[in-house]
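Contents: one structure, followed by commentary.
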Amino acid sequence: MDQVFKALADGTRRRLLDRLHEHSGQTLGELCEHIDMTRQSVTQHLAVLEAANLVSTVRRGREKLHYLNPVPLHDIQERWIDKFERPRLSALSALRRKAEEAMTDKPDFVYVIYIRSTPEKVWEALTDADLTARYWGHSNVSDWRRGSRWEHRRTDGSGVADVIGTVVESDRPTRLVTTWAAPEDEGDADRYSRVTFDIQPHADIVRLTVTHEDLADESELRDAASGWAAVLSNLKSLLETGSPLPQEPWLVPGR
């Protein structure tokens, strides 16, 4: 939390976060365009934001893309704002969201988690039907080749898929990109979202970045935020301890 407040104390770093809020996934060059500062200075500010987990990075070829990670800001809101001014601020937030919905594109969500594991084991945990059933409550089923269909199937033996999609990219064990849709929306491109798993090793740990793009609206964004936090916490527990969390985290009641 101290690192987050330190990062937010500087006006330039707040401007960088504003830029990433407007358009997440920017290169260093794009972020420098509207800031009167050397690339080296901007890089130093981004390093502070990354250390505070406010910004995550993903490499795509030669490019390094920067994404806003809203989780620490959400933690600040819960700790320092919600309990004091929740009713009034909730009303203002709802009004602001309605005003912004007509002006913005579909929302995206980025979640970063660090796991004591290897890229190969993380990849297997995301794609193996039996492993996903242990921590996700569904089995992810596919041959995971580019262009193949994948399904998020229930584990009750019914074979029913609650999510379907296509494998867009498959670069084992570092990158997996899939489309997501409800079965009844299959074939309707406007109803699909897109999920990218970037797996980056560092010594004995792995940084897993999940980017969920083209969500339908703010409600779907909130569902994605809570859903990914629960699923990835369960995944981390399975890989680090051999067992998922003792209770299903997505069943924890809200406040």
Side-chain angles (χ1 to χ4, degrees), residues 17 20-26 50 53-60 65-75 77 97 100-101 104-115 122-123 125-127 132 135-142 144 146 148-153 161-171 173-186 188-200 206-236 248-250 252 254:
L17 292 177
L20 290 175
H21 178 260
E22 293 169 3
H23 174 56
S24 206
Q26 296 189 58
E50 192 170 351
N53 206 26
L54 287 163
V55 168
S56 60
T57 60
V58 176
R59 285 204 173 273
R60 294 185 183 175
L65 304 183
H66 300 79
Y67 291 88
L68 174 65
N69 182 19
V71 176
L73 297 174
H74 177 70
D75 291 342
Q77 178 179 328
R97 283 198 300 270
E100 290 176 345
E101 280 175 359
T104 59
D105 295 329
K106 291 182 177 180
D108 300 341
F109 178 76
V110 180
Y111 192 93
V112 180
I113 192 168
Y114 295 85
I115 306 171
V122 173
W123 176 279
L126 293 170
T127 58
T132 49
Y135 72 87
W136 206 325
H138 283 69
S139 296
N140 290 343
V141 181
S142 176
W144 304 108
R146 184 173 181 175
S148 294
R149 177 188 174 89
W150 81 280
E151 293 185 350
H152 193 56
R153 293 181 188 168
D162 289 317
V163 180
I164 55 91
T166 301
V167 179
V168 179
E169 295 181 39
S170 183
D171 187 10
T174 58
R175 182 173 169 84
L176 178 66
V177 183
T178 57
T179 60
W180 286 44
E184 61 268 23
D185 295 326
E186 186 169 11
D188 184 353
D190 290 337
R191 302 288 293 175
Y192 278 71
S193 60
R194 177 184 174 109
V195 173
T196 300
F197 301 97
D198 283 298
I199 304 167
Q200 181 180 344
V206 166
R207 181 172 70 183
L208 173 60
T209 303
V210 179
T211 307
H212 201 153
E213 303 172 274
D214 297 329
L215 294 160
D217 49 34
E218 291 294 324
S219 175
E220 195 166 289
L221 175 61
R222 288 193 296 272
D223 290 343
S226 59
W228 281 119
V231 168
L232 295 176
S233 295
N234 227 15
L235 166 63
K236 177 180 173 71
E248 295 178 338
W250 45 84
V252 175

Check your understanding: Closest approach of Pro70 and Phe109, non-hydrogen atoms and distance?
Key -> CG-CE1, 4.2 Å
Practice item. Would you indicate whether the side-chain heavy atoms of Lys236 and Ser233 approach each other to under 4.5 Å? Key: no
Check your understanding: Quick one: does Arg194's side chain get under 4.5 Å of Val177's, heavy atoms only?
Key -> yes
Check your understanding: With a 4.5 Å heavy-atom cut-off, do Leu20 and Gln26 have their side chains touching?
Key -> yes
Practice item. Using the test salt bridge (charged side-chain N to carboxylate O under 4.0 Å, His left out), find all partners of Glu151 that sit at least two apart in sequence or belong to another chain. Key: Arg149, Arg153
Check your understanding: Is the shortest heavy-atom distance from the side chain of Tyr111 to the side chain of Ser56 under 4.5 Å?
Key -> no
**Study point:** Side chain Thr174, main chain Ile199, donor-acceptor under 3.5 Å
**Key:** no
**Study point:** Derivation and outcome, side chain to side chain contact (heavy atoms under 4.5 Å, CB included), residues Trp150 and Asn140
**Key:** CA-CA 7 Å; Trp150 81 280; Asn140 290 343; 3.5 Å; yes
Review point. Take atom CZ in Arg60; do more than 12 heavy atoms of anything else shown fall under 6.0 Å from it?
Key: yes
Practice item. Please tell me if the side chains of Leu54 and Leu17 come closer than 4.5 Å, counting only heavy atoms from C-beta onward. Key: yes
Review point. Closest approach of Ala125 and Thr132, non-hydrogen atoms and distance?
Key: O-CG2, 3.2 Å
**Study point:** Test item: Ser148 side-chain N/O and Trp144 main-chain N/O as donor-acceptor pair under 3.5 Å
**Key:** no
Check your understanding: Say you draw a straight line from CD of Glu50 to OH of Tyr67; how long is it, rounded to the nearest 0.5 Å?
Key -> 13.5 Å
Exercise for review: Please examine the side chains of Thr57 and Arg207, heavy atoms only from C-beta on, and report whether any two atoms are closer than 4.5 Å.
Suggested key: yes
Check your understanding: Do you see a donor-acceptor pair shorter than 3.5 Å between the side chains of Trp180 and Thr178?
Key -> yes
Point to revise | Under 3.5 Å donor-acceptor, Trp136 side chain and Asn234 backbone | key: no
Review point. Counting only N and O atoms by type, is there a donor-acceptor contact under 3.5 Å from the side chain of Ser24 to the main-chain atoms of Leu68?
Key: yes
Review point. How long is the gap from CD1 on Ile164 to CD on Glu184, to the nearest 0.5 Å?
Key: 9.0 Å
Practice item. State, yes or no, whether a side-chain contact exists between Leu232 and Leu208 at a heavy-atom distance under 4.5 Å. Key: yes
**Study point:** Worked verdict on Glu169 versus Arg175 for salt bridge (Lys or Arg N to Asp or Glu O under 4.0 Å)
**Key:** CA-CA 7 Å; Glu169 295 181 39; Arg175 182 173 169 84; 2.9 Å; yes
Exercise for review: For the pair Asn53 (side chain) and Asn69 (backbone), establish whether a donor and an acceptor sit closer than 3.5 Å, ignoring hydrogens and angles.
Suggested key: no
Practice item. Applying ring-ring contact (aromatic ring centres under 6.0 Å, His included), name anything that partners Phe197, two or more places apart in sequence or on another chain. Key: Trp228
Review point. Roughly how far apart are Leu126 CG and Leu176 CG, rounded to 0.5 Å?
Key: 7.0 Å
Check your understanding: Which atom names give the shortest non-hydrogen contact between Ser193 and His212, and what distance separates them?
Key -> OG-NE2, 2.9 Å
Point to revise | salt bridge (Lys or Arg N to Asp or Glu O under 4.0 Å) assessment of Glu220 paired with Arg191 | key: CA-CA 12 Å; Glu220 195 166 289; Arg191 302 288 293 175; over 6 Å; no
Point to revise | Criterion side chain to side chain contact (heavy atoms under 4.5 Å, CB included) on Gln200 and Asp198, from CA distance to verdict | key: CA-CA 6 Å; Gln200 181 180 344; Asp198 283 298; over 6 Å; no
Practice item. Test side chain to side chain contact (heavy atoms under 4.5 Å, CB included) on Val231 and Trp250 and set out the steps. Key: CA-CA 7 Å; Val231 168; Trp250 45 84; 4.2 Å; yes
Exercise for review: Check whether any side-chain heavy atom of Val168 lies under 4.5 Å from a side-chain heavy atom of Thr179, and answer yes or no.
Suggested key: yes
Study note, to complete from the structure: Hits for ring-ring contact (aromatic ring centres under 6.0 Å, His included) against His138, two or more places apart or cross-chain, chain-then-number order -> His152
